[in-house]
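Presented below is the structure to which this report refers.
Chain A is the first sequence line, chain B the second, and so forth, proteins listed ahead of strands; every chain is numbered from 1.
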There are 2 protein chains.
Amino acid sequence: MSEQKRTGFQEVRDEVLQRIEDRVWPQGALLPTELELAAEFGCARATVNRALRELAERGIIDRKRKSGTRVAVTPVKQAKLDIAVMRKQVEEMNATYRYALVKRQQITAPAWLSSQLSLPADAQVLHLHCMHYADNRPLQFEERWINIAAVPEVVEADFESVGPNEWLLAEVPFSNAEIAFSAVAASDQLAEFLTCTTNTPLFQMERTTWFQQQPVTFVRMTFHPGYRMSTRY
Amino acid sequence: MSEQKRTGFQEVRDEVLQRIEDRVWPQGALLPTELELAAEFGCARATVNRALRELAERGIIDRKRKSGTRVAVTPVKQAKLDIAVMRKQVEEMNATYRYALVKRQQITAPAWLSSQLSLPADAQVLHLHCMHYADNRPLQFEERWINIAAVPEVVEADFESVGPNEWLLAEVPFSNAEIAFSAVAASDQLAEFLTCTTNTPLFQMERTTWFQQQPVTFVRMTFHPGYRMSTRY
DNA sequence: CAGTGGTCTAGACCACCAG
DNA sequence: TGGTGGTCTAGACCACTGG
């Protein structure tokens, strides 16, 4: 007696994925309809739908009404990067995290920043320099500008003990952002804070953040020499 | 009562998200149960479930059986990077793509590579150097090693006209990979191919790829000076 | 043990779009 | 215009886990 297989949506999803990997359904091939698959797997159509929807979200298959479901021709690989707070990252490595405020200054936004954040010409911003350490070794230099109009409470924060990232995350959670990665040569200032020689190649991450269409902050984070950011997909 | 609103799962999802942003439910707060929300929105529990599941996947809320659904305290920001084929990327910028094979050589895997890919000591690999151009300006230098045992057909490919990335994508689609980003100083070779001076900081991406538990390829892609990789989330 | 989310079902209607 | 996926429903049972 063939034992009843548990027909969860995960089984369906994995089996379909397996068939695609095994070229049972090669690239561009048309898959059976949801109804047909439901019959084959002995489950409801909703179950098949859930399974195929997940594969579609991963870019494995393309779905279109009427025309059906096809194996993606050029699978767009999607790498997910988990951007966490520095403190968390350090603590996950079983290292001791330390934060230090280097500079805190309220200024009128320079022209390039007003342009970057779509701010009025005379907008007031808080300009910060911070350092993050892991086991007392320099990990990241952070230069940040915060739009005071968007977060008026920020003028009360001294950022001596809590970093601006964590403060903002608590104050303005669930914001949208644009992020960019690049390689830069260490300036004299960066070299000093990250204890390396001038012109050393450094990994840099820039991020612009909005909350409900309003620009909140722009931050430039530069990592110590040799830093690698990695992920799986 | 108030007019029946269209209660799609998207409406529920967006409304819940709005309330979280508006601090109706602050960080750490316990949300109503699915049944309660279903009653409030006048829809089935499955609809609420779908809505909340999507928010949970985005890291906005944490869900646990019995204890219920809570607003995430430290929302883990997930940035999605779309890793596409170079040719596609260039064509999307309305630039002319050009590819060139620099070197193609079959060798015994060096020790570091055997270690990196978990290969036997005498494994044969194909070692490639390639260049990618946009509008005839150097865009990326690619150094790649392919595990011949995993893809025997690769010895027949000459890679003169089609790059190894596209070839592998067609031959071994839907593989798993580990990816790492870093900043490096231009070696003499890199400086020559990317037309920059030695020690220029360059953005580099390394990727190890497996297909069904078997190591397939390791590739090191170095971009032209000033390259930025960006995304939204 | 009991409350909550996780999943499945059988059926239904709708939206889109290729023929 | 009919076929296909997209979604919703009302109900059910299960799995996990806090009290």
Side-chain angles (χ1 to χ4, degrees), chain A residues 2-17 19-20 24-25 27-73 75-76, chain B residues 1-17 19-20 24-73 75-76:
Chain A
S2 63
E3 51 183 343
Q4 285 282 5
K5 295 186 66 176
R6 198 174 68 80
T7 59
F9 77 93
Q10 303 187 31
E11 271 82 349
V12 177
R13 188 230 300 143
D14 295 344
E15 173 61 23
V16 169
L17 182 55
R19 291 188 193 174
I20 291 174
V24 177
W25 296 317
Q27 290 178 77
L30 190 63
L31 268 61
T33 67
E34 294 189 345
L35 233 30
E36 289 168 340
L37 286 172
E40 180 196 335
F41 287 109
C43 64
R45 184 168 81 96
T47 305
V48 174
N49 182 276
R50 167 97 188 257
L52 295 186
R53 180 163 18 101
E54 291 204 356
L55 292 176
E57 280 168 5
R58 286 153 65 172
I60 306 289
I61 56 178
D62 289 326
R63 317 198 72 194
K64 261 192 296 189
R65 284 164 158 129
K66 171 70 177 176
S67 39
T69 302
R70 291 183 178 279
V71 181
V73 187
V76 176
Chain B
M1 293 290 285
S2 57
E3 51 180 340
Q4 286 283 1
K5 298 183 64 174
R6 197 174 69 82
T7 59
F9 77 94
Q10 301 187 32
E11 269 84 346
V12 178
R13 190 227 305 145
D14 294 344
E15 173 61 23
V16 170
L17 183 56
R19 291 188 193 176
I20 292 176
V24 178
W25 295 317
Q27 290 178 78
L30 190 62
L31 269 62
T33 67
E34 294 190 343
L35 271 176
E36 291 167 341
L37 286 172
E40 181 196 335
F41 288 109
C43 64
R45 184 169 79 94
T47 304
V48 173
N49 180 277
R50 167 98 188 256
L52 295 186
R53 185 173 2 111
E54 290 202 357
L55 292 177
E57 281 169 4
R58 290 200 228 162
I60 307 288
I61 57 179
D62 290 327
R63 318 197 72 193
K64 259 192 297 189
R65 283 160 156 130
K66 171 70 179 177
S67 39
T69 302
R70 289 181 178 281
V71 181
V73 189
V76 177

Specify the separation, in whole Å, of atom NZ of A/Lys64 and atom C1' of C/dA18.
9 Å
For A/Gly28, does its backbone N or O pair with a side-chain atom of A/Arg70 as donor and acceptor, under 3.5 Å?
yes
Which pair of non-hydrogen atoms, one from A/Val48 and one from A/Cys43, has the smallest distance, and what is that distance?
CG2-SG, 3.8 Å
Starting at CZ of B/Arg45 and ending at C1' of C/dT4, how long is that distance when rounded to a whole Å?
8 Å
Nearest whole Å is fine: how far is C/dG6 C1' from B/Glu54 CD?
16 Å
Does a side-chain heavy-atom distance below 4.5 Å link A/Val12 with A/Glu15?
no
Could one point to a donor on the side chain of A/Arg50 or the base of C/dG6 with an acceptor on the other under 3.5 Å away?
no
Below 4.0 Å: OP1/OP2 of D/dG6 and any side-chain N or O of B/Gln10:
no
I want to check one thing: is the phosphate of C/dG5, taken as OP1 and OP2, less than 4.0 Å away from some side-chain N or O of B/Thr69?
yes
Between B/Arg63 (CZ) and D/dA15 (P), how many Å, whole number?
18 Å
DNA chain D: B/Arg65 or A/Lys66, which has the more 5' nearest nucleotide?
A/Lys66
Could you please name the option among C/dG5, D/dC8, D/dG6 that lies closest to any side-chain atom of B/Thr47?
D/dC8
I need the B/Leu17 CG to B/Arg19 CZ distance, nearest 0.5 Å.
11.5 Å
Grab the CG-P distance between A/Leu37 and D/dT4 for me, whole Å please.
12 Å
B/Leu30 has an atom CG; how far is it from atom C1' of D/dT17, in whole Å?
15 Å
Atom-pair distance (CD1 on A/Ile61; C1' on D/dG5), nearest Å:
11 Å
Paired nucleotide for D/dG19 [Watson-Crick or G-U wobble; both distances under 3.5 Å]:
none
What's the closest nucleotide to the side chain of A/Phe9 if the choices are C/dC8, C/dG6, D/dT7?
C/dC8
Quick one: is A/Asn49 getting a side-chain N or O under 4.0 Å of the D/dG5 phosphate, OP1 or OP2?
no
Per B/Glu34 side chain, nearest of listed nucleotides D/dT9, D/dG6, C/dG6:
C/dG6
Closest-nucleotide mapping onto DNA chain C: is B/Pro32 or B/Ala46 further toward the 5' terminus? I mean the 5' end.
B/Pro32
Find the distance between CG (B/Leu35) and CG (B/Asn49) and round it off to the nearest 0.5 Å.
11.0 Å
How many whole angstroms separate atom CG of B/Asp62 from atom C1' of D/dT17?
16 Å
